[in-house]
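Numbering of ligands and ligand atoms starts at 1, following listing order. Quick note: numbers below take in every heavy atom, side chains included, and nothing from hydrogens, waters or symmetry partners.
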Amino acid sequence: MSDNTASRRTFLAAPLALQAVPPASSSPSSSITTKVLGRTGLQVTTVGFGTMITSDASVIERAVDLGINYFDTARTYQSGNCERMVGAALKTHRKSLILSTKTGKEDKDGALQDLETSLKELQTDFVDIWYIHAKSRSAQLTEERLEAQRIAKQRGMIRFSGVSTHAGFDDIIPAAIQSGAIDVILTSYNFTMGAAIDPLIVSAKKAGLGVVAMKVMAGGFRRVKPGDPLYPTFKKDGVFPAALRWALRNPNIDTTIPSITDHDQLDENFRCMGAPFSSSDSKLLAEQRDYIRPLYCRACGACTGVCPKGLPIPEILRHVMYAEGYGQFAMAREHYLELPQAVRDVRCQDCETCAVHCPNQVAVAQRLMRAQELLA
Ligand code: SF4
Ligand code: SF4
């Protein structure tokens with residue numbers, strides 16, 4: 001282990017609550033705000049950093065300089081390369097930062113092997129939060145997965161356990177609470193989602209869990225360029241900071257992890273800390289909600305099991321969002337190709353009519369055809 005890497009002994013001896021780093025003098029104007037992440041006691045900046053699509057380590061390094069202290073990654077991000085970049089960017093500051101990663105492995109041994117690899121790539125002896133990655137059903141919180149988290153805690157490889165979720169909130173969030181083993185929930189949460197998720201978040205908070213919000217930009221769509229027919233709708237000035245401020249206004253959200261790819265986005269997000277959600281933000285988001293309605297699946301679950309050909313619709317729509325919203329075609333295709341062959345073989349154009357009617361007006365068949373055209 002290098003001198004710059006926090007040791008397991010060091011963190012076990014350290015107090016739980018961390019202090020936020022004061023902003024550097026060259027920072028964009030903002031006041032750093034922090035919250036306690038539920039029973040973990042971790043003091044997190046309310047704007048964290050999601051590294052899933054970051055490919056410039058200097059953006060991560062500058063986020064640390066600005067005072068952002070929570071960074072999230074996963075074993076599988078960027079085909080397993082993301083953790084290496086994050087580890088290199090953060091290693092000199094590890095002791096003052098909060099770091100999380102995830103495993104998608106089903107079996108205990110596979111999950112623990114994933115964690116060993118994560119720690120090596122991240123150049124650290126431990127992560128603060130280790131999430132079970134992207135689960136939407138209570139049945140997926142298996143004893144194998146929870147046992148892996150228990151063992152990892154006992155070995156000092158992780159401090160706290162979590163689960164991340166993009167869908168099935170009314171099943172997975174209560175299950176995480178009832179398990180008694182999950183310390184943190186990482187959930188999709190944005191301005192397109194109805195009020196149904198709010199009481200679930202409240203109950204998680206009441207049970208002492210930390211709540212982290214992701215997908216706060218509702219699909220991003222940052223990569224649309226001037227001249228693109230979508231540009232006037234998706235690149236409206238102020239929409240993305242407004243979306244972040246919308247999530248931050250909820251007192252039960254402890255922190256957020258917007259994806260950040262460049263310094264402009266970093267500055268934009270950083271300035272949202274401590275900034276109020278305004279009536280003009282509300283107006284912008286209402287317009288944006290209308291614009292993205294046919295495209296953005298908010299994973300409400302209403303179409304689960306409806307397609308007679310068995311398509312996992314929210315999952316596929318998330319993949320095509322990665323391609324067209326996040327501008328991450330390779331990642332989108334990689335995810336898509338992990339779907340079962342029988343799913344990948346389906347072509348929506350072969351159906352005379354679509355059996356799925358989205359209550360949120362997503363143009364389901366068209367979006368699926370787009371996914372099949374781009375990613376199959
Ligand atoms: S496509 Fe529509 S019904 Fe299906 S999960 Fe998404 S928002 Fe809900
Ligand atoms: S068009 Fe509709 S019913 Fe047909 S495969 Fe696609 S989602 Fe299923």
Quick one: does any side-chain atom of T54 pair with a main-chain N or O of D56 as donor and acceptor, under 3.5 Å? no
E144 side-chain N/O to K108 backbone N/O, donor-acceptor pair under 3.5 Å: yes
Counting N and O atoms only, with roles assigned by atom type, does the side chain of D171 sit under 3.5 Å from a partner on the main chain of S138, one being a donor and the other an acceptor? yes
C351 N/O/S atom closer than 2.8 Å to atom 2 (Fe) of ligand 2: no
Could you tell me the residue and atom name of the protein heavy atom closest to atom 6 (Fe) of ligand 2, and the distance to it rounded to 0.1 Å? C348 SG, 2.4 Å
Heavy-atom closest pair (S118 atom, E83 atom, distance to 0.1 Å) is OG-OE2, 2.7 Å
For ligand 2, the portion of V346 having any non-hydrogen atom under 4.0 Å away: side chain
Could you tell me whether atom 4 (Fe) of ligand 1 has an N, O or S atom of C297 under 2.8 Å away? no
Under 3.5 Å donor-acceptor, K135 side chain and H133 backbone: yes
The atoms of ligand 1 lying under 4.0 Å from a heavy atom of N360, numbered in the order shown, are 7 (S), 8 (Fe)
Other residues, nucleotides and ligands only: do more than 12 of their heavy atoms fall within 6.0 Å of CZ on R137? no
Which ligand 2 atoms, with their elements, are less than 4.0 angstrom from a heavy-atom of P308? 3 (S)
Looking at A299, which atoms of ligand 1 are within less than 4.0 Å of one of its heavy atoms? 5 (S), 6 (Fe)
Which of the atoms of ligand 1 are close to L317, meaning less than 4.0 Å from one of its heavy atoms? 1 (S)
List the closest protein heavy-atom neighbour of atom 8 (Fe) of ligand 1: residue, atom name, distance to the nearest 0.1 Å. C300 SG, 2.3 Å
With distance as the sole test, does N69 use its side chain to make a donor-acceptor pair with the main-chain N or O of T45 at under 3.5 Å? yes
Run the numbers for me: atoms of ligand 1, each under 4.0 Å from some heavy atom of G301, listed by number. 5 (S), 8 (Fe)
Honestly, for T304 the part within reach of ligand 1 (heavy atoms, under 4.0 Å) is neither
For ligand 2, which atoms have a heavy atom of A355 less than 4.0 angstrom away? 2 (Fe), 3 (S)
Taking 4.0 Å as the limit for heavy-atom contacts, which would you say applies to A167 with ligand 1: side chain only, backbone only, both, or neither? neither
Which one holds for P314 and ligand 1: side chain close, backbone close, both close, or neither close, with close meaning a heavy atom under 4.0 Å? side chain
Identity and separation of the nearest protein heavy atom to atom 2 (Fe) of ligand 2: C354 SG, 2.4 Å
Per-atom filter on ligand 1: closer than 4.0 angstrom to a heavy atom of R298 are 7 (S)
More than 12 heavy atoms of other residues, nucleotides or ligands under 6.0 Å from CZ of R289: is that the case? yes
Within a 6.0 Å radius of atom CD on E106, are there more than 12 heavy atoms belonging to other residues, nucleotides or ligands? no
Atom indices of ligand 1 within 4.0 angstrom of P359 heavy atoms, with elements: 3 (S)
Under 2.8 Å: N/O/S of C303 next to atom 2 (Fe) of ligand 1: no
Ion pair present between R62 and D65, side-chain N to carboxylate O less than 4.0 angstrom? no
Can a donor-acceptor pair be found, under 3.5 Å and without considering hydrogens, that links the side chain of R344 to the backbone of A376? no
If the plane angle is over 60° it's perpendicular, under 30° parallel, otherwise tilted; pick one for H335 and Y322. tilted
Residue, atom and distance of the protein heavy atom nearest atom 7 (S) of ligand 2 read L368 CD1, 3.4 Å
